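Remember, it's a predicted structure, so these values are computed and weren't measured experimentally.
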Amino acid sequence: MLLMRYGWAPYRLRATSRIFTTESVPKAKIKYTSTINLPKTKFPARLNVEKRTEVEEKLRKTCLSELYSWNRKTLPASNEFILHDGPPYANGDLHMGHAVNKILKDLILKHKMISGTRVHYIPGWDCHGLPIELKALEAFNRKRRNVPETSIQTANEIRNTARRFALDTITKQKTGFEFWGVTGDWNDTHGCYRSLDPSYISAQLRLFHELYERKLIFRDLKPVYWSPSSQSALAEAELEYDEAHQSPSLYLKVALENRGTSCPAINQQQLTGDQMFAVIWTTTPWTLPANQAICYNPALDYSLVQSSPSGELLLVGKDLVEYLESQLETPLTVLQTIPGTELSSLRYHHPLHRDKLLPFLPASHVKAEKGTGLVHTAPAHGPEDFLVCLERKISVENLIDERGMYNERAPSFLHGKYALTEGNTLVTEELKDSVLKLSTIVHSYPIDWRTKQPVMLRASDQWFIDTNRLKERALEEIKTVEIYPHTSSEVSKKVIEGQLRKRPYWCISRQRAWGVPIPVLYNTATKEPIVSKALLDIIQERLKRESTIDFWWTDSLEELLPAELLHQLGANHGNLEKGKDILDIWFDSGVSWMSVLGNDRVADLYLEGVDQFTGWFQSSLLTSVAARGKAPYKAIFVHGFAVDENGMKMSKSLGNVICPKQIASQYGCDALRWWVCAHATQNTSIPVSHKLLGTSAENVQKLRGILKFLLGVIAPEGTDSVRKCVDIRYEQLHHVDRYYLQQLESFHRNVFALYDSYQHNKATAIILNFCQSTLSGLYLHVIKDRLYCGTSEEHSNLKAILDATYRILSKVLWPIVPFLVEESWTYYEPDYFYKSNQTHRPTVTPLPTQQSVSAIECALDLRHAVYQQAQLNVNTWLLEVAVGCSDNDLALLTMLHPSLNVPERSTELCELLQVGSVTLLKASACENRFTGKVKKSDQPLCQRCRRYLVSELEKTFPICERCSVILSQR
């Protein structure tokens, strides 16, 4: 920036600190202070912690508490902006991640409102699922330790504990959000949505039934991520990954039936030995008891090799021979090459049940990148395995129970053993004669996001959404969605598209107590589900009356359903039972658009953390596409995660947690909001430190000082009446005024454009630069003589310019620091700022300013050159400057200084250079742009304005002619 390089500081213009200092001036015998228009205001320059807390609390209870309802009643409904709030978990205290999320949303909402747009924002909470259930159980277990006879024995007791915990948490979090100044109808119970509300649950159950009727929801036996520690199925969004997990790496040989004679492509005459083996590789030996096939790729070639020194014949992928030599640490001699298409006739002996013969199956998921080119296939424990076997109607053998233990169908030596630990050890021990190599591999492995324990892929009967039928429409919809920040939009779009493409189905059932029950009955003999509209109607009617759905767990079927309906459903001799599953919390939260948007509307924006591409953004998209055929949002904004100054994730165990409540109390809510605005949108990691927060507080304090100065000029009398906007008299403007007004209008436009594109960090940088350089460092410094000591007309016009400045500055600052703006506004007008802004829009009339801008920029370049040459430790108003310049520069500078070849002391150029007099000269050709001389005058300065030199004729009166005229008119 042009202005930044001069190093200008607020209220005092300087080139370099070593050149110019303020010269001390003897005290005048006559006092002129009362004749100067010094800024006066009662707006305090600084607030201590106690006073700031008092002011903020007063503003919360008055103007900010009315904001949302005022917005809904006053602003036009035809131009509404909908921000759909993603529900945070009601499972703990607020942390910096909450502050980032809610304050970013509030910045956007406040910008829209101050721009005249009505906003639609209903805060919400996700109240169900494992995270809250575990928190509730932790609290209950602490109580049980103190009162040993207490225990949770029923699902309903778990639900009651979880509900109380969730509602208490919502109350605390709501208070925190309101404390930060977040817009919302916090006092109205209908101003928020909660996933435990009867209306929310009822809408969710209707959608489940509708999608079931359309065959988009179905029940089936499929492998899903299963958490033994939670004893529940998990969605991918509920997984974390342990990058340092250790698993066994097992290369195993399995015997081919009759030495592979069933494959004509194998030339038996060239081979010796009684046995031939296929080689498989696995990192999950515990799944080998469930092995039901070996998969190969027909597009690959395979080699029959002989190992040394054992001489065994091994079948492996041709492209992996060298890799396997390295892995097995043994030479392999290629005897024959066999096309993959020829392997279909092979069969092999199950590694644990030698009398059981199993097939080789073709599959495209087999690659020649690692392993052996032959894949151990257990349909109960892998999605590709499952699909391959499903296509051939091979039944699924599930040998693992809900606790991750082997059940009674497993080999006897495994009964009751935990698969992920004991299973690996016992299976490899049992197969030791077939092991080619056993080692350990360190790799990324999925763990339960709450218990932090390993999960497994395990076949179980679950409810699914058929995402295959939805994904093409979902992919079409996501193409039209804007993703912010734009710098990462292409990557972000690829992430969500990739997640959609690779997702064959979505498991929406969970085996927990705290949630929305899946409204289904089962035949106890056949396990077939019974979904009934009549059952749904009864549930919804009870839900409306009782406000909770706990009756699903407490009532018997006879209490829940009338006898006639039981008979219609075929109930006899206790052959019906209620389902015990609940809906996945991602389905639970993903249908929040139903409560907020209804059937037709689409949100303008969803804003959440970057992890929600695999979570809420996707579940909302799929449910909305399933129900309405369209995305629930027009745009997505993603932010990162708060980390400490070393880039580490904040956690209590590391002791690096910074509490937002403490930050707001220590530095003020506006400082917290400024930190969010300045740092939360440009990176996936958002650094939090007391140094950064302290800097944010300093920036807010600088803004406070500038607002105080402006108020001192434009509103010294306080807020007795509504202030009338004083019109700027454009015909009386100096070129620097025109230049500044152009900068002010550009500043206003640029900041709002950055707000509209969600580039909040750039907005804070522009605001600081404008306030410190353009406004304070340049304009206020240059005009202070006219402002303090000029004529009443000059003062009135400058006051009008600064009045427009204060209004525009308040408008761009209000979304970020609403407490500061509303507090300062109480010293300007009696009404709230956001209300006044609707009736007094700050406008600056566009001016033909390009010539003025060019002239000012030329003068600023000249100023820099003059100060470099001067090298004098004097008050700059004592300097007399003679300047030579080119015709181009001379044409610009004469706009500010009309006379040539004679010294002048009351021109705009003198004002800009802050010197006593200037003589403009036409220069001859020279290397430098400007040439000239600087000398110090021996004449004294006027003791009123400290600007103009006092001539010999004026020495009897220690003031200049300009000041003398002004005083004589009073």
Side-chain angles (χ1 to χ4, degrees), residues 127-130 132-133 136-137 140 149-167 195-210 212-213 217-219 230-233 401-403 460-463 508-585 587-588:
C127 308
H128 291 136
L130 184 60
I132 294 169
E133 186 173 336
L137 290 173
F140 192 87
E149 65 275 11
T150 61
S151 64
I152 295 181
Q153 296 180 342
T154 67
N156 202 45
E157 288 174 307
I158 294 174
R159 290 178 59 79
N160 285 332
T161 305
R163 182 183 296 106
R164 287 194 298 271
F165 182 88
L167 291 174
S195 62
L196 54 68
D197 289 331
S199 58
Y200 191 101
I201 294 173
S202 183
Q204 189 175 172
L205 295 178
R206 283 198 309 273
L207 180 62
F208 175 89
H209 188 270
E210 177 190 337
Y212 176 83
E213 290 292 312
I217 286 180
F218 61 94
R219 184 170 172 82
S230 297
Q231 295 188 34
S232 176
D401 68 14
E402 291 83 354
R403 300 167 299 163
S460 62
D461 287 303
Q462 301 290 342
W463 288 92
I508 60 167
S509 50
R510 296 293 181 269
Q511 290 65 53
R512 304 300 303 185
W514 178 232
V516 177
I518 295 179
V520 174
L521 304 178
Y522 294 94
N523 185 301
T524 54
T526 65
K527 303 301 180 184
E528 285 297 311
I530 300 171
V531 180
S532 164
K533 178 64 168 59
L535 172 62
L536 177 64
D537 292 341
I538 289 171
I539 292 173
Q540 291 190 310
E541 183 60 34
R542 289 275 304 267
L543 185 58
K544 186 184 297 185
R545 289 201 316 266
E546 300 178 23
S547 297
T548 78
I549 201 166
D550 292 346
F551 57 83
W552 183 262
W553 281 269
T554 57
D555 285 11
S556 65
L557 270 179
E558 289 73 19
E559 293 171 319
L560 181 64
L561 303 178
E564 182 180 350
L565 180 56
L566 279 171
H567 179 72
Q568 290 176 6
L569 297 175
N572 57 75
H573 307 295
N575 67 332
L576 289 184
E577 64 180 359
K578 292 177 293 182
K580 297 178 182 178
D581 294 343
I582 64 169
L583 286 163
D584 170 25
I585 54 171
F587 185 87
D588 198 8

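- Around NZ of Lys578, the count of heavy atoms belonging to other residues, nucleotides or ligands within 6.0 Å exceeds 12.
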What do the steps show when you test Lys580 against Gln511 for side-chain contact (heavy atoms from CB on, under 4.5 Å), and what is the final call?
CA-CA 7 Å; Lys580 297 178 182 178; Gln511 290 65 53; over 6 Å; no
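- The environment of CD in Glu559 is crowded: more than 12 heavy-atom neighbours from other residues, nucleotides or ligands sit within 6.0 Å.
- Rounded to the nearest 0.5 angstrom, Trp552 CH2 and Ile539 CD1 are separated by 4.5 Å.
- Between Glu402 and Ser460 the shortest side-chain heavy-atom distance does not fall below 4.5 Å.
- Not one N or O on the side chain of Gln462 forms a donor-acceptor pair closer than 3.5 Å with the backbone of Ile508.
- By the 4.5 Å heavy-atom criterion applied to side chains, Pro562 and Ile538 are counted as neighbours.
- With contacts defined as side-chain heavy-atom distances shorter than 4.5 Å, the pair Phe587/Gln204 qualifies.
- One finds a salt bridge joining Arg219 and Asp581 here, because a Lys/Arg side-chain nitrogen approaches an Asp/Glu carboxylate oxygen to under 4.0 Å.
- Contact of the Leu560 side chain with the Arg542 side chain is registered, since non-hydrogen atoms from C-beta on lie closer than 4.5 Å.
- The side-chain heavy atoms of Leu535 and Ile530, taken from C-beta on, include no pair separated by under 4.5 Å.
- Remark: the Asn160 side chain and the Arg163 side chain contain an N/O donor-acceptor pair separated by less than 3.5 Å.
- Between Tyr522 and Trp463, the ring planes are tilted. Angles from 30° to 60° get that label.
- Leu167 has its side chain within reach of Leu196: a pair of non-hydrogen atoms, C-beta onward, lies under 4.5 Å apart.
- The aromatic rings of His209 and Tyr212 sit tilted relative to each other, their planes meeting at an angle between 30° and 60°.
- Distance alone, capped at 3.5 Å, is enough to place a donor-acceptor pair between the Arg159 side chain and the Ala513 backbone.
- For the pair Ile549/Leu205, a side-chain contact is recorded, criterion being any heavy-atom separation below 4.5 Å from C-beta on.
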